[in-house]
Amino acid sequence: MNDNIKTILAAIHDAADDLASFAKSAQTDNPDYQRGFIVHSQLQLDHLNRLSNRLNVALKVAAIKADMRKREVQA
């Protein structure tokens with residue numbers, strides 16, 4: 001696994017941890033805090049979506065590079 005993919009996976013892990021923290025914190029009776037946590041959670045979900053897209057691209061690039069190396073060896 002290349003370093004780019006490892007870095008993205010680590011960022012996804014961190015963002016998921018933050019999201020879990022936001023969700024736990026939103027279990028309050030204060031509506032102002034709940035709204036704030038909802039906004040932060042939505043931002044974190046957007047961040048996770050962008051990271052997921054980056055991971056998809058990185059995996060495709062890695063697969064293409066592996067295929068190119070394989071073809072070079074066979075040639």
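All values below were derived from every heavy atom in this structure, side-chain atoms included, with hydrogens, water molecules and symmetry-related copies excluded. Since we're looking at a predicted model, the values are computed, not measured.
In this structure, CD1 on Ile12 lies 11.0 Å from OG1 on Thr7, to the nearest 0.5 angstrom. Phe37 CZ to Asn30 CG: the interatomic distance, rounded to the nearest 0.5 Å, is 9.0 Å. Atom CG in Leu43 sits 12.0 Å away from atom CG in Asp18 (nearest 0.5 Å). Taking CG of Asn2 as the start and NZ of Lys6 as the end, the distance is 8.5 Å to the nearest 0.5 Å.
For residues 42-56, no residue pair satisfies the salt bridge (Lys or Arg N to Asp or Glu O under 4.0 Å) rule, not counting sequence neighbours. Here ring pair (Phe, Tyr, Trp, His ring centres under 6.0 Å) pairs that include residues 39-71, with residues two or more places apart or in two chains, are Phe22-His40. Among residues at least two apart or in separate chains, side chain to side chain donor-acceptor pair (under 3.5 Å) pairs with a member in residues 62-75 are Asp67-Arg71.
Scanning for side-chain contact (heavy atoms from CB on, under 4.5 Å) contacts around Ala58 gives Asn4, Ile5, Ile8, with sequence neighbours left out. Among residues two or more places apart in sequence or in another chain, the side-chain contact (heavy atoms from CB on, under 4.5 Å) test is passed with His13 by Asp17. The salt bridge (Lys or Arg N to Asp or Glu O under 4.0 Å) check on Asp3 picks up nothing, with sequence neighbours excluded.
Linking ILVMFWY side-chain heavy atoms closer than 4.5 Å, directly or via other members, places Val57 and Leu48 in two distinct hydrophobic clusters. Each of Leu45 and Ile38 belongs to its own hydrophobic cluster when Ile, Leu, Val, Met, Phe, Trp and Tyr are linked at side-chain heavy-atom distances under 4.5 angstrom.
The side-chain heavy atoms of Met68 and Ile64, taken from C-beta on, include a pair separated by under 4.5 Å.
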